[in-house]
Amino acid sequence: MLSDMGVSKSRQLQKLREQVKNGGGEQALEKQMALGKLSARQRIVDLLDNDSFQEYDMFIQQVNNAFQSDGDAVLGDGVITGTGTINGMPVCVYAQDFTVAGGSLGSMHAKKIAKIMDRALKMRVPLIGINDSGGARIQEGINSLAGYGGIFYRNTMASGVIPQISVVLGPCAGGAVYSPALTDFVFVVDKISKMFITGPEVIKTVLGEQISAEDLGGAKVQCEVSGNAHFFAKSEHECFESVKKLLQYIPQNNSLKAETLPSCPPKFTNIDSIVPSDAREPYDVRKVIACITDGSDFFEVKANFAANAVVGFGRVDGQSVGFVANQPDVMAGVLDVDSSDKVAEFVRFCDAFNIPIVTLVDLPGYLPGVDQEHAGVIRHGAKVLYAYSEATVAKITVILRKAYGGGYIAMNSLHLGADSVFAWPGAEIAVMGPESAVNIIFRKEIMASENPDETRRQKAREYKEKFANPYVAAGMGHIDAVIEPQETRTMIVHTLRMSKDKHIDRPYKKHGLFPV
């Protein structure tokens, strides 16, 4: 039985806990709700497994400053940190509380985040940050900037060691946006998330341009235009469900592999009827993926950005696999500046966290044009080459229909270290498409012909038969096997099983120098 002093101390503890849990007060919480936003604590409850959250540093206080009266300090300093589980697996989490000083980041606020980041790295568990902040706490001056610097440094040290996930559920402006940008995956919610370096008022003042916060850096802009965000949701609850789903496909850290589940067959098996024989006819490559993955499940990443490339996670034979595919349904599946960045980023994540990569190829090459050249398609396109060459995980390629020029090389060819490359019987593998090739090779003969169009078609057929079919590449050892479409999953399963203990030694170096 507690003594009177013990009872008093216990009451004091409970009172302080309630004070912290009340955040910025009832009025501030009601205002948060009125904006369609959950409170920081509600977000943690919705994200984590029931009753799994253990909070740390509840009683940290703001640093006093010249603009603050003695009664202004608030316990917790506008951010909640702790540990818990998702799908039974441990994670570290922090959630900024906009009801407390606008979730602004001061030195103690930053110290709490840095501490949970250090814990995540030490314990080798995923880190999830929920961002909802007005930015740097101006009253603390350079101390708030120092706090951001410490967070950015830790993001960099943790990169490729533990998965880092950012959930933006409110404003994230100025220097604050660089932490999400340094993490592996960014989740945003329609009409709630806002990300920009400089806000609408600054842009109006400096440049005279008028734009709303939503049009400048809202969720759709981040997912569809800039590509800064990976996942779009219509509600916070939907967003958290997506975070939980993502974590099912990735490991706790870079020394482990993602959990293997019991294998199950695809729901869809009509793979041989999806791809048209005419190389110019579009189709949705996600239907091919659905015929390969367990249960035909596919969790797409950056679905709304650079749609000419498709990347995401699925399971094959129970094993988590990263899929990279050209999308003939959009721009014929060409690689351009944005899709190159998208592919390279995803390949590097999979490689860092021991996730095998399956690449489905059907593209005419890199996108030509003045705009692309001036936008740096050479530099961005090289990122794909670099990412695949650098990757040491199991790498499997299936050429579905066409693979021309630099696109053939870039999409995980044997020349970049692919473990197995397969091609379907109708695949066209060449420097360029038949029509373009004959216009160069047989230009004089076509021009001198009485029927140039017919001569061009005839030469194109001859070129395709002699040079662009998969047996030419197979005969030179550039692909491992020509397979029937319905054999695709079987060959992938076999290669994954054979590659489970794959090991490659690389030359010692601190890091590569290519800026991906």
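Computed over heavy atoms, backbone and side chain alike; hydrogens, waters and symmetry mates excluded.
Side chains of Ile429 and Tyr471 form no contact here, defined as non-hydrogen atoms less than 4.5 Å apart. Residues Ile357 and Phe346 fail the side-chain proximity criterion, which asks for heavy atoms closer than 4.5 Å. Between Leu121 and Val161 there is a side-chain heavy-atom pair separated by less than 4.5 Å. A heavy-atom distance below 4.5 Å is found between the side chains of Val324 and Met411. Using a 4.5 Å cut-off on side-chain heavy atoms (C-beta onward), Val310 and Phe323 make no contact. Using a 4.5 Å cut-off on side-chain heavy atoms (C-beta onward), Pro90 and Met123 make no contact.
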* **Derivation of the side-chain hydrogen bond (donor to acceptor under 3.5 Å, both in side chains) call for Tyr408 and His415** => CA-CA 10 Å; Tyr408 154 72; His415 325 296; 2.7 Å; yes
Exercise for review: Test Tyr283 against Val288 for side-chain contact (heavy atoms from CB on, under 4.5 Å), laying out the working first.
Suggested key: CA-CA 9 Å; Tyr283 65 93; Val288 176; 4.2 Å; yes
Please report the C-alpha distance between Asn228 and Gln222 in whole Å, then the side-chain angles of each, then the deciding distance to 0.1 Å, and finally whether the side-chain hydrogen bond (donor to acceptor under 3.5 Å, both in side chains) criterion is met. CA-CA 5 Å; Asn228 291 325; Gln222 300 303 334; 2.9 Å; yes
Quiz item: What do the steps show when you test Phe299 against Tyr249 for side-chain contact (heavy atoms from CB on, under 4.5 Å), and what is the final call?
Solution: CA-CA 9 Å; Phe299 188 53; Tyr249 289 104; 3.7 Å; yes
Practice item. Take Asp294 and Arg315 through the salt bridge (charged side-chain N to carboxylate O under 4.0 Å, His left out) test and state the conclusion after the steps. Key: CA-CA 5 Å; Asp294 292 7; Arg315 289 188 180 277; over 6 Å; no
Could you go through the side-chain contact (heavy atoms from CB on, under 4.5 Å) check for Cys291 and Thr269 one step at a time? CA-CA 5 Å; Cys291 294; Thr269 58; 5.8 Å; no
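Within the 3.5 Å criterion, the main-chain N or O of Lys244 finds a donor-acceptor partner in the side chain of Asn87. A distance-only check finds a donor-acceptor pair linking the side chain of Lys342 to the backbone of Lys302 [under 3.5 Å]. In terms of modelled atom types and a separation under 3.5 Å, the side chain of Lys257 and the main chain of Pro251 share no donor-acceptor contact. For Asn308 (side chain) and Met331 (main-chain N/O), no donor-acceptor pair under 3.5 Å exists by modelled atom type.
Asn155 and Tyr178 share no side-chain donor-acceptor pair at under 3.5 Å. Using a 3.5 Å distance cut-off with no hydrogens or angles, the side chains of Glu300 and His230 do not pair a donor with an acceptor. For the 3.5 Å distance criterion, the side chains of Asn451 and Ser449 fail to qualify, holding no donor opposite an acceptor. Inspection of the Thr359 and Tyr388 side chains reveals an N or O donor paired with an N or O acceptor under 3.5 Å. Defined by atom type and a distance below 3.5 Å, a donor-acceptor pair is present between the side-chain atoms of Asp284 and Gln327. Side-chain polar atoms of His503 and Asp505 form a donor-acceptor pair below 3.5 angstrom.
Results of the side chain to side chain contact (heavy atoms under 4.5 Å, CB included) test with Phe353 over Ile250, Val393, Asp184 single out Asp184 as the only residue that passes. Considering Lys500, Lys395, Lys502 as possible partners of Asp419, the one that fulfils the salt bridge (Lys or Arg N to Asp or Glu O under 4.0 Å) test is Lys502.
Counted within 6.0 Å of CE on Met157, heavy atoms from surrounding residues, nucleotides or ligands total more than 12; the atom is thus considered enclosed. Around CG of Leu256, the count of heavy atoms belonging to other residues, nucleotides or ligands within 6.0 Å exceeds 12.
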Contacts under 3.5 angstrom, residues 187-194 side chains, donor-acceptor by atom type, not counting sequence neighbours:
| residue | atom | partner | partner atom | Å |
| --- | --- | --- | --- | --- |
| Ser193 | OG | Val168 | O | 2.4 |
| Ser193 | OG | Val189 | N | 2.7 |
| Ser193 | OG | Val189 | O | 3.3 |
| Lys194 | NZ | Lys191 | O | 3.3 |
| Lys194 | NZ | Glu214 | OE1 | 2.9 |

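With salt bridges taken as basic N to acidic carboxylate O contacts below 4.0 Å, one links Asp132 and Arg43. Checked for salt-bridge contact, Arg401 and Glu428 miss the test: no charged N lies under 4.0 Å from a carboxylate O.
Under the salt bridge (charged side-chain N to carboxylate O under 4.0 Å, His left out) criterion, Asp480 pairs with no residue at all, not counting sequence neighbours.
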